[in-house]
Structure formats: C-alpha cells, structure tokens
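All figures in this text were calculated on a predicted structure; none of them were measured in a lab. Below, chain A is the first sequence line, B the second, and so on; all start at residue 1.
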Protein chains: 2
Amino acid sequence: MRSTTGQTPDYCAIEVAMEVLGGRWKLVILKQLLGGKQRFSELKRAMPQITARMLTRQLRAMEEDGLVERTVYREVPPRVEYTLTETGRGLDEIAGMLDDWGRWYLATRGGSLNGPPRMPARTDGHPVEGAVP
Amino acid sequence: MRSTTGQTPDYCAIEVAMEVLGGRWKLVILKQLLGGKQRFSELKRAMPQITARMLTRQLRAMEEDGLVERTVYREVPPRVEYTLTETGRGLDEIAGMLDDWGRWYLATRGGSLNGPPRMPARTDGHPVEGAVP
DNA sequence: CGGAATCCTGGTTGATACTG
DNA sequence: CAGTATCAACCAGGATTCCG
C-alpha cells in the first residue's frame with residue numbers, strides 16, 4: 001500500500017486530496033449532497049449511472065473519511081439519510097471550481113474528451129519544434 | 001460503457017474535470033510544471049515514485065487534453081521539454097486549493113486517512129433516530 | 001536520454017440476483 | 001427501501017526489457 005499517509009517526504013498534499021476525493025463518484029455525490037440531506041434512493045435517482053453498490057461504497061468511504069454523515073431510521077420501509085459534515089461542506093468551493101472548470105473545458109474543447117472519439121493523428125501532431133539554442 | 005463523453009444528459013461537469021485531472025499523477029505533475037518548463041528526467045527526478053512509463057503516459061494524456069505542451073529537440077542526447085499550456089496554467093488555483101485542502105485534511109485528521117485506524121462501531125453509531133412522521 | 005513494447009497484478013467498477 | 005453477495009471485466013499502475 002502506498003503511503004500518502006506516512007511521513008515519506010516525497011508526497012504532496014494533492015495526492016491526499018485525490019485519495020479522498022478522487023474516483024469517479026465522490027465529488028459528484030458531494031455536489032449532490034451540497035443540495036442538502038438526501039436519502040439513498042434520492043441520490044440514486046439523481047445519478048442514474050451509478051449502481052447501488054457503488055453508491056453504497058462511495059458513501060461509506062466518504063463517511064469514513066468524515067465527509068458525510070449517515071443516519072439510519074428504523075422504519076418499516078427503511079430510511080437512510082445522508083448529509084455532508086462540516087468537512088464535506090468545506091469542499092463546496094473546490095467542487096464548484098472543478099465544476100466550473102469542467103464546464104469551461106467542455107465548452108472550449110468542443111465537448112469531447114480524449115475518450116472514444118479519439119482524434120486520429122494527434123500523437124505526433126506537432127512533430128518537432130525547434131533546434132537547440 | 002461509460003460515457004461522460006457522449007451526449008448523455010446526466011453527467012455533471014465535475015466528472016469531466018475528474019476525467020481530465022483524476023488519477024494519481026496528473027495533478028502532481030501539473031503542480032511540478034507550475035514551476036516552469038522541465039524536461040522528462042527532471043520531472044522523473046522530482047517524483048521518484050512514478051515510473052517512466054506512467055510519467056510518459058500521463059504526460060501524453062495531458063498533452064492530448066491540452067494541458068501540457070511537449071517540445072522535442074533533436075539533439076544527440078535527445079531532449080524533451082514539457083510546459084504547461086494556458087489551459088494547464090489555468091488550473092493553478094484549483095491545484096493550490098486541493099493542495100491546501102489536502103494539507104489541512106491531514107492536519108485535522110491526524111495524518112491518517114481511512115486506512116489503519118478505522119473507527120470500530122460507527123456504522124450503527126447513532127443507531128436509531130426517530131420514527132416516521 | 002526519453003521513451004516504446006510487453007507482461008503482469010490487484011483494486012476498482014459493473015451486472016445481476018437476492019435479502020432484512 | 002436500502003442495501004449485500006457473487007461473479008466477471010476493466011484498467012490504472014508497475015516491472016522489466018529493448019530501441020533510436
């Protein structure tokens with residue numbers, strides 16, 4: 001296991017942030033929860049792409065990381081609500097900036113990442129620049 | 001199949017940002033490059049943990065995503081320099097915030113992520129709240 | 001020097017079915 | 001409703017070796 005935790009002198013705090021916030025869903029869930037307390041099914045409905053399994057796992061991880069709080073109501077139809085903790089809410093600004101940046105990026109770059117619709121010849125797009133000074 | 005790319009109406013821009021910036025290295029590399037133009041070996045030396053393969057891959061991905069620019073000098077000992085593009089430099093603030101947050105998070109949470117020192121009973125920590133309205 | 005090619009692993013994600 | 005269990009696929013990431 002990779003430290004990121006330990007006293008290795010070679011990590012940078014961004015790695016820590018990415019370990020807590022990284023992955024495909026964490027920040028999306030967080031953004032959802034910025035809208036206020038929500039229950040499992042609401043979150044699920046808000047993010048159709050995520051599977052129940054992943055949603056559970058991410059929420060658990062975020063809970064362990066102190067980002068969300070989980071409240072279980074023992075009712076006949078079970079109810080579980082999720083809220084952001086102070087720590088979680090503190091990510092408001094960062095989430096917002098990433099969201100803005102993502103939107104801006106999409107707009108600038110024409111809505112296509114480097115995924116499936118990969119531009120053919122681009123690897124050697126700008127081949128050689130200049131000679132040595 | 002994961003879109004994030006397509007015209008699915010259900011993604012949020014954060015996903016885009018995470019797809020471009022996510023992973024373990026991208027932002028670390030970016031942060032390194034914020035210090036100015038550097039060549040491959042310099043980057044490698046600055047991040048001893050990364051393998052040459054990963055560094056190459058990440059740099060290529062970032063290049064394709066328009067974050068870094070790659071300049072090849074055809075010298076006898078080959079030289080390749082990497083710089084941030086405008087787009088890349090535009091991430092300065094976000095990288096800084098994530099870095100700050102990571103540092104703060106480490107400090108607050110005692111320098112340990114969710115790894116080893118896991119709180120035992122917390123799943124049902126506050127077991128039952130109230131009844132249904 | 002700055003990679004590319006190849007092989008490999010295990011952690012993460014997903015689909016599906018079942019349960020309290 | 002809010003999960004859990006199980007199986008399977010995928011891919012980030014790494015080790016090693018070779019190349020211009």
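To the nearest angstrom, P of dA12(D) lies 13 Å from CZ of Arg24(B). One interatomic measurement links the two molecules: CD of Glu19(A) to P of dT12(C), which rounds to 9 Å at whole-angstrom precision. Note: CE (Met47(B)) to C1' (dG14(D)) measures 16 Å, nearest angstrom. The CD atom of Glu75(A) sits 15 Å away from the C1' atom of dG20(C) (whole-angstrom rounding). In this structure, CD of Gln49(A) is placed 12 Å from C1' of dG14(C), rounded to the nearest angstrom. The distance between atom CD of Glu81(B) and atom C1' of dC1(C), rounded to the nearest whole Å, is 13 Å. Residue Ile50(B) contributes atom CD1, which lies 11 Å from atom C1' of dG14(D) at whole-angstrom precision. Straight-line distance from the NZ atom of Lys44(B) to the P atom of dG13(D): 15 Å, rounded to whole Å.
Just one of Arg70(A), Lys37(A), Arg39(A) meets the salt bridge (charged side-chain N to carboxylate O under 4.0 Å, His left out) condition when paired with Glu81(A); it is Lys37(A). For the side chain to side chain contact (heavy atoms under 4.5 Å, CB included) with Met18(A), the qualifying choice from Met18(B), Arg24(B), Lys26(B) is Met18(B), the only one to do so. Checking Met62(B), Glu63(B), Glu69(B) one by one against Thr85(B), the side chain to side chain contact (heavy atoms under 4.5 Å, CB included) holds for a single residue, Glu69(B).
Between Tyr105(B) and Trp101(B), the ring planes are parallel. Angles under 30° get that label, and only those over 60° would be called perpendicular.
Within the 4.0 Å cut-off from OP1 or OP2 of dG20(D), not a single side-chain nitrogen or oxygen of Arg74(B) is found. Checking the phosphate oxygens (OP1, OP2) of dG13(D), a side-chain nitrogen or oxygen of Gln58(B) falls inside 4.0 Å. Between Ser41(A) and the phosphate of dC1(D), there is no side-chain N or O to OP1/OP2 separation shorter than 4.0 Å.
For Arg45(A) and Glu42(A), the salt-bridge test fails: no basic side-chain N is under 4.0 Å from an acidic carboxylate O.
The two residues Ala95(B) and Ile14(A) make their nearest non-hydrogen contact at O-CD1, 3.6 Å. Summarising the geometry of Ile29(B) relative to Gln58(B), their closest heavy-atom pair is CD1-CB, 3.5 Å, with the distance given to 0.1 Å.
Across the interface with DNA chain C, nearest-nucleotide mapping of Glu42(B) and Pro78(A) shows Glu42(B) to be the residue nearer the 5′ end. Residues Met54(A) and Val76(A) both approach DNA chain C. Their nearest nucleotides, taken by heavy-atom distance, put Met54(A) toward the 5′ side.
Relative to the side chain of Arg57(A), the nucleotides dC1(C), dG13(D), dT13(C) differ in distance, and dT13(C) lies closest.
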(request) Could you run through nucleotides 3-9 of chain D and give me one letter per nucleotide, 5' to 3': B if any protein heavy atom sits under 4.0 Å from the base, S if only the sugar-phosphate is that close, - if neither? (result) SSBB---
